[in-house]
Number of protein chains: 4
Amino acid sequence: MPEQGTGSPPHRKAAIRRCAESVFAQKGFDRASIRDVAKAVEMSLAGLYYYYKSKEAILFDIQRKAFETLLDLHAEALAGVRDPEEKLRVVISGHVTYFADNLDEMKVLSRESETLTGEFTEPIGELKRRYVRLVKGIVTELGNDKGVRVSPNAALILFGMMNWMYTWYDPARSGSAQTIADHIFAIFTRGVLRQT
Amino acid sequence: MPEQGTGSPPHRKAAIRRCAESVFAQKGFDRASIRDVAKAVEMSLAGLYYYYKSKEAILFDIQRKAFETLLDLHAEALAGVRDPEEKLRVVISGHVTYFADNLDEMKVLSRESETLTGEFTEPIGELKRRYVRLVKGIVTELGNDKGVRVSPNAALILFGMMNWMYTWYDPARSGSAQTIADHIFAIFTRGVLRQT
Amino acid sequence: MPEQGTGSPPHRKAAIRRCAESVFAQKGFDRASIRDVAKAVEMSLAGLYYYYKSKEAILFDIQRKAFETLLDLHAEALAGVRDPEEKLRVVISGHVTYFADNLDEMKVLSRESETLTGEFTEPIGELKRRYVRLVKGIVTELGNDKGVRVSPNAALILFGMMNWMYTWYDPARSGSAQTIADHIFAIFTRGVLRQT
Amino acid sequence: MPEQGTGSPPHRKAAIRRCAESVFAQKGFDRASIRDVAKAVEMSLAGLYYYYKSKEAILFDIQRKAFETLLDLHAEALAGVRDPEEKLRVVISGHVTYFADNLDEMKVLSRESETLTGEFTEPIGELKRRYVRLVKGIVTELGNDKGVRVSPNAALILFGMMNWMYTWYDPARSGSAQTIADHIFAIFTRGVLRQT
DNA sequence: AATGAATGAGTATTCATTCAT
DNA sequence: GATGAATGAATACTCATTCAT
């Protein structure tokens, strides 16, 4: 899946990141070699190192970009939304459709969530915590709104419903991402909010 | 995490498997070297190969044993149970508590679900399909019982709630496994069965 | 036997080949390790793999180059020769003196004639068949010229006389290669052509 | 090619030797593992070491037995023979037919002629020298008889004709061993003895 | 901005051999 | 006589990375 481009500098790094997403998604970060990535980008091995200082730096960039995009996307979609239920719908919908539209990113994000080490751990950890805090906050708010005390595990269980998709989601057979998002939203809200 | 034991032959293979679970859980299958496993078992590198013909064969054994144990465990727990709702409760409870009691196995099973290749792929694939079929069957049965048409994605979403646990479950902080199982059961049944 | 040279890229692969000839000749292909070759070339282990994709690929290259050189050498030497007896003299002489001048190649070619596997087998097999065909053709032609029916084994026996040299030929003690070539030519022609 | 036997001790060692001949002939001494031999004998790996102290010891035994058998065989066949020409015929015939009847031994003897090391080198070297001396002696005697000065290389060239057979002899296609022996005898005697 | 060439450290695996039983 | 279990040393090969150009 080599990337064509104008060749202008700023695009090359993104091209590498996109190719690497695909390669890491297919083989897994550890099994994929930097040579595989170079082949996919149609660039020399050494050439990659002009743009990224290490293999892990590429993974870092993939994860950072994914989290930042998701956070931006939610920030925009949530602007002006007041109703906590609506907020949750918006966030689930954004998460699920983004994942469905960016399958490789989704795989890499979900599967390699504990792969980064050293200097790379913390910045991604921070993004991840911000992301979880956002969702947990909405869930709590929604509980308060409905007069239900919600377990701190609830949001994590919700993430499970969404993130596990990387193991089974198939655009050709699983239905539309929006349908799945609605489904997950329905299960979660009914399940968490209604008392038996 | 060396294994203590009588050293009698039949135990050695199981000891290797258990140590490997721990090593693979901590470092990931690909990053873990066979040397790491050997060190954990306190056995020589070559000694391992007397029991397992390859690194992948160990992973295979871990996965096979885990699926077989889960299937056996469910078969036993389901014996005599007629009510579909009760069946689901039993299965979720079995799955979640088994995972919580066997954190390493859970991690390896969830994280390395697509790692096996070649001759090892199919037997595990077959076990996995049997397992999914079991849960899907119960979910469908439950839907019929309640007069609700359940999406084929529902069971996969349920697996997400349970399997994603490997990323967040901490025995010291997440509450008892049984509580989590009840929680997931509640979310799922209420969410899936109640019409809005 | 490290290679001296300008170090310019095109020479490196040939340098590796020559060192490997020497190493394989001394220890035998199987007993020689790629480390031995690397040491002989004064290059790192991994460096070799930049030029050759496997140990067998080096052996392949040695054998290919030897057969191609011999075939070229014969083609040139036979140009313009009509007399079958003269042709045979030329070929025997070329084969024996080439072997004597390239003792390592000779050893590797004779000793490792059945060592190559997989993708490497066929191309060398083809060269070998061409070579045998050339000699068999000349022997048959010579027989026809003298009105003698020559057994198909004759050429193989001739190859035996020449190729077995690798077990006994010692430049310091066996006499000149040309003398040996004359000797073999004499034995073969007299022996095969004269009726008792 | 497992060996059946009465199980009585003296036979086991011979059985191992025969199986090893077959294994070494097929894969070459270096590529064949002691495990391959054990499998062929249908004996445990460790069991072999009761009979042979090392892999090389088996090769040694194969070579020793082959040379001793050949020497015995020649001694018997030469008893009472006076005519040098007849002596040579007898020796060539014995060598070639023995090789044809014991293809595996022939391969191992010819191919692994320089494989033995250490304590094993000398005893086999001594047998080899005795064998070469025998043939060289007959050739010289024959030359004297016919009034021809024979080069010391002649016998080595003769060995080449015979020993190279291991690369081409096929019982199904190469004709009878006796015919080949006659052929080699004819080529050698005519070629070496007749003056042009 | 990009690359050919090179390498040190590491990988899974195999091997001949041993030894307690 | 024979074996199951075990091991130290080696093997071919791969990898992320660097550097002179």
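Residue numbers start from 1 in every chain, and the chains themselves are labelled A, B, ... in the order their sequence lines are given, proteins ahead of strands.
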Could you write nucleotides 8-15 of chain F as a row of B, S and -, 5' to 3', where a protein heavy atom under 4.0 Å of any base atom gives B, of only sugar-phosphate atoms gives S, and otherwise -? B--BBBBB

A side-chain contact here means heavy atoms from C-beta on lying under 4.5 Å apart; do R12(C) and M43(C) qualify?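 In short, these two side chains touch, coming nearer than 4.5 Å.
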
Report the distance from atom CD of E42(A) to atom P of dA2(E), rounded to the nearest whole Å.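 Whole-Å distance recorded here is 13 Å.
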
Measure the distance from NZ on K39(A) to P on dT3(E) and round it to the nearest whole Å.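 One finds 15 Å between P of dT3(E) and NZ of K39(A), rounded.
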
If I take atom CZ in residue R12(A) and atom C1' in nucleotide dA1(E), what distance separates them, rounded to the nearest angstrom?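 Checked: the CZ to C1' distance equals 9 Å.
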
Charged N-O contact under 4.0 Å between K65(B) and E105(B):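 Between E105(B) and K65(B) there is a salt bridge, with a charged N closer than 4.0 Å to a carboxylate O.
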
List for me each residue that meets ring pair (Phe, Tyr, Trp, His ring centres under 6.0 Å) alongside F29(B), sequence neighbours excluded, and say none if there are none.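 Counting only residues at least two positions away or on another chain, F29(B) forms a ring pair (Phe, Tyr, Trp, His ring centres under 6.0 Å) with F24(B).
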
Nearest-Å distance for atom pair CD1/P, residues I16(A) and dA2(E):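 Checked: the CD1 to P distance equals 8 Å.
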
Pairs where residues 103-127 of chain D contributes a residue and the test ring pair (Phe, Tyr, Trp, His ring centres under 6.0 Å) is met, not counting sequence neighbours: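 Sorted result for residues 103-127 of chain D: F60(D)-F120(D).
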
Which residues satisfy the side chain to side chain contact (heavy atoms under 4.5 Å, CB included) test with E126(C), sequence neighbours excluded?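 Checked E126(C) against side chain to side chain contact (heavy atoms under 4.5 Å, CB included); matches are E122(C), R129(C), R130(C), R133(C).
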
How many whole angstroms separate atom CD1 of I58(B) from atom P of dT13(E)?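 The distance from CD1 of I58(B) to P of dT13(E) comes to 9 Å, rounded to the nearest Å.
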
Pairs counted as Watson-Crick or G-U wobble with both distances under 3.5 Å: what dot-bracket string results for DNA chain F, using | for bases tied to another strand? .||||||||||||||||||||

Measure from the side-chain heavy atoms of M43(A) and tell me the nearest of dA6(E), dA5(F), dA2(E).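 The answer is dA2(E).
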
If I take atom OH in residue Y51(D) and atom P in nucleotide dT18(E), what distance separates them, rounded to the nearest angstrom?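 From Y51(D) OH to dT18(E) P: 18 Å.
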
Can you name the residues that form a side chain to side chain contact (heavy atoms under 4.5 Å, CB included) with D61(B), not counting sequence neighbours?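 Checked D61(B) against side chain to side chain contact (heavy atoms under 4.5 Å, CB included); matches are K13(B), R17(B), Y52(B), R64(B).
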
Are OP1 or OP2 of dA5(F) and a side-chain N or O of Y50(B) less than 4.0 angstrom apart?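 Yes, Y50(B) has a side-chain N/O under 4.0 Å of OP1/OP2 on dA5(F).
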
With sequence neighbours excluded, residues passing ring pair (Phe, Tyr, Trp, His ring centres under 6.0 Å) with Y49(C):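 Residues passing ring pair (Phe, Tyr, Trp, His ring centres under 6.0 Å) with Y49(C): none at all.
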
Qualifying residues under side chain to side chain contact (heavy atoms under 4.5 Å, CB included), relative to T167(B), sequence neighbours excluded: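 Testing T167(B) for side chain to side chain contact (heavy atoms under 4.5 Å, CB included), a comparison that skips the adjacent residues, returns W164(B).
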
With sequence neighbours excluded, give me every salt bridge (Lys or Arg N to Asp or Glu O under 4.0 Å) pair touching residues 48-58 of chain B.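 Non-adjacent pairs meeting salt bridge (Lys or Arg N to Asp or Glu O under 4.0 Å): K53(B)-E119(B).
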
